[in-house]
Amino acid sequence: MNVTAAVFREPGKPLTIETVQLAGPEAGEVLVKVVASGICHSDLHVVKGEWSTSAPLVLGHEGAGIVEAVGTGVTTVSPGDHVVLSWMPYCRRCHYCLAGRPNLCELVESTAYNSVMLDGTTRLSQAGEPVYSYLATGSFANWAVVPETAAIRIRDDAPLDKVSLVGCAVATGIGAVANTARVHMGSSALVIGCGGVGLSTVSGAAIAGASQVIAVDINDANLDRARALGATHTLNSRTDDVLSALPAITGKTGVDYAFEAIGLPATIELAYEALAPGGTAVVVGQVAEGKKISIDPFVMSDREKTLTGCNYGSCRPPIDFPILVDLYMNDRLPLDSLIERAIGIDEINDAFDAMIRGETARRVIIHEH
């Protein structure tokens, strides 16, 4: 079938809107009519050439839609089901999957991370040549074939444009709080970066009952969004000295938890430096290839500080996604505040430009069919 997609061909160049061909689902795969797709900084890393990848490539990995057809052996979804797409199509067989940590699936590194399906091939093509699907998802197309474990069934009454964000930003940000750090009630939490992931982290800290939720960004509009999502304090790092401001807010030298949601060495180091003794810093943002950080290991041991990573919010998609959707439907997770506005696929390059300028939280593509 022919599908309309935003195609990446080389770093530093705008995506082009093209018609590509999509084969039907093979065994263990699902054909999804993609209704909506969020635009994420991980896509931007590819566009800017900060992450290497195959090309031509249909970007997009944060989406939601409706199952149209399934391949043989698929048991978890059926045609007509509403699904949120997951960019972590885990194998269900490796050590990490069996241990309940599918976000660390061993097979993903050689398949989805190379933008191919679990059999090492792609379902997309153009003029007989392969076109790759980013993270085996490719949600910047109005139709997608994904592995069964990448299509997570949700309730039918949830608006797909809003819950599309659950598939990346929300699962990552809230998961960083609930699953990775396990923030406890009454603690203090610092969130550096208030894009889609950072705002989700703010929301997660508020839901967890943190007494102080301190949001940091360089854009006042994003800080306003953070307050709407539960931030108790905001700091604009262009004008505010973050480390100097923390004692007056927390009553101690720093914070119990710090979350870096940008992916820059300097802000990762800031998150670590902001910790009070015994605190935990979580690297949530994705960093460009080859970057390094510098920390003082004596301080780490002497003050028992922890620096840890977080991949996909340490989430278990089939368990966590429906919970997050329920939170939204029960007015406990304000997803609407994460979305700046809905756009058409032809506005995608403008959305990336706004993201580079730091002017936006999430823009959501609404696909035409």
Side-chain angles (χ1 to χ4, degrees), residues 38 40-42 62 84 86 88 103 152 154 158 162-217 222-235 249-250 255-263 267-268 271 274-275 279-286 306 308-317 319-339 361-362:
C40 178
H41 266 88
S42 294
E62 180 183 79
V84 169
S86 166
M88 186 63 64
N103 65 308
I152 310 302
I154 60 166
K162 304 299 193 301
V163 300
S164 64
L165 304 190
V166 167
C168 184
V170 175
T172 299
I174 292 185
V177 172
N179 299 330
T180 309
R182 299 187 178 183
V183 169
H184 57 82
M185 186 179 297
S187 59
S188 54
L190 175 72
V191 180
I192 303 173
C194 294
V197 171
L199 290 172
S200 297
T201 307
V202 167
S203 185
I207 291 172
S211 292
Q212 296 95 31
V213 182
I214 308 150
V216 178
D217 202 272
N222 285 348
L223 293 174
D224 289 341
R225 292 187 183 98
R227 281 198 174 274
L229 287 159
T232 60
H233 301 78
T234 58
L235 299 170
I249 297 172
T250 66
V255 294
D256 299 311
Y257 301 94
F259 300 88
E260 197 280 350
I262 303 172
T267 45
I268 294 171
L275 295 177
T280 297
V282 182
V283 180
V284 188
Q286 295 293 320
T306 298
T308 189
C310 169
N311 185 32
Y312 212 178
S314 306
C315 77
R316 302 151 298 166
I319 295 174
D320 293 343
F321 285 15
I323 291 173
L324 293 170
V325 171
D326 281 345
L327 284 172
Y328 170 68
M329 296 300 289
N330 293 329
D331 296 324
R332 297 184 60 197
L333 177 60
L335 295 182
D336 304 67
S337 298
L338 292 174
I339 300 172
R362 268 296 193 267

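These figures come from a predicted structure and were not determined experimentally. Values reported hereafter were calculated over all heavy atoms of this structure, with side chains retained and with hydrogens, waters and symmetry mates removed.
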**Prompt:** Thr267 and Glu260: side-chain donor and acceptor closer than 3.5 Å?
**Reply:** yes
**Message:** I'd like to check Ile339 versus Lys162 (side-chain heavy atoms, cut-off strictly below 4.5 Å). Are they in contact?
**Reply:** yes
**Request:** Find the distance between SG (Cys315) and CD1 (Ile323) and round it off to the nearest 0.5 Å.
**Result:** 11.0 Å
**Message:** Check whether Gln212 reaches the backbone of His233 with its side chain - one donor and one acceptor, N or O, closer than 3.5 Å.
**Reply:** no
**Message:** Between Ser188 (side chain only) and Asp256 (backbone N and O only), is there a donor and an acceptor less than 3.5 Å apart?
**Reply:** yes
**Prompt:** Has the side chain of Tyr312 got a donor or acceptor atom that lies under 3.5 Å from a matching backbone atom of Gly167?
**Reply:** yes
**Asked** Should Ile174 and Leu333 count as side-chain neighbours, where that means a heavy-atom distance under 4.5 Å?
**Response** yes
**Complete:** Rounded to the nearest 0.5 angstrom, the CZ-CE distance for Arg316 and Met88 is 14.5 Å
**Item:** Cys194 versus Ala226, closest heavy-atom pair with distance
**Value:** SG-CB, 4.1 Å
**Request:** Please report the C-alpha distance between Asp336 and Tyr328 in whole Å, then the side-chain angles of each, then the deciding distance to 0.1 Å, and finally whether the side-chain contact (heavy atoms from CB on, under 4.5 Å) criterion is met.
**Result:** CA-CA 9 Å; Asp336 304 67; Tyr328 170 68; 3.0 Å; yes
**Request:** First locate atom CG of Leu335, then atom CG of Leu229, and finally report the distance between them rounded to the nearest 0.5 Å.
**Result:** 9.0 Å
**Request:** Spell out, as yes or no, whether a donor-acceptor pair under 3.5 Å connects the side chain of Thr232 to the backbone of Val213.
**Result:** yes
**Rounded distance [0.5 Å steps], CD1 in Ile192 versus CG in Leu235** = 10.0 Å
**Asked** Looking at side-chain heavy atoms only, is the closest gap between Thr172 and Ser200 below 4.5 Å?
**Response** no
**Request:** Supply the atom-to-atom distance Arg182 CZ to Tyr257 OH, rounded to the nearest 0.5 angstrom.
**Result:** 10.5 Å
**Request:** Pick out which of Thr180, Asp320, Thr308 makes a side chain to side chain donor-acceptor pair (under 3.5 Å) with Ser314.
**Result:** Thr180
**Prompt:** Passes side-chain contact (heavy atoms from CB on, under 4.5 Å), Thr250 versus Ile214? Steps please.
**Reply:** CA-CA 10 Å; Thr250 66; Ile214 308 150; 4.1 Å; yes
**Asked** Considering all heavy atoms of both residues, which atom of Ile154 and which atom of Val163 are nearest to each other, and what is their separation?
**Response** CD1-CG2, 3.7 Å
**Atom of Leu165, atom of Gly38 and distance for their closest heavy-atom approach** = CD2-CA, 4.2 Å
**Complete:** Tightest non-hydrogen contact, residues Ala231 and Val202, listed as N-CG1, 3.7 Å
**Prompt:** Would you say the side chain of Val177 lies within less than 4.5 Å of the side chain of Ile207, judging by non-hydrogen atoms?
**Reply:** no
**Minimum side-chain heavy-atom gap Phe259-Val183 below 4.5 Å** = yes
**Message:** Please report the interatomic distance OG1(Thr234) to CG(Asp224), rounded to the nearest 0.5 Å.
**Reply:** 7.5 Å
**Message:** How close do Cys310 and Val282 get, counting heavy atoms only, and between which atoms?
**Reply:** CB-CG1, 3.5 Å
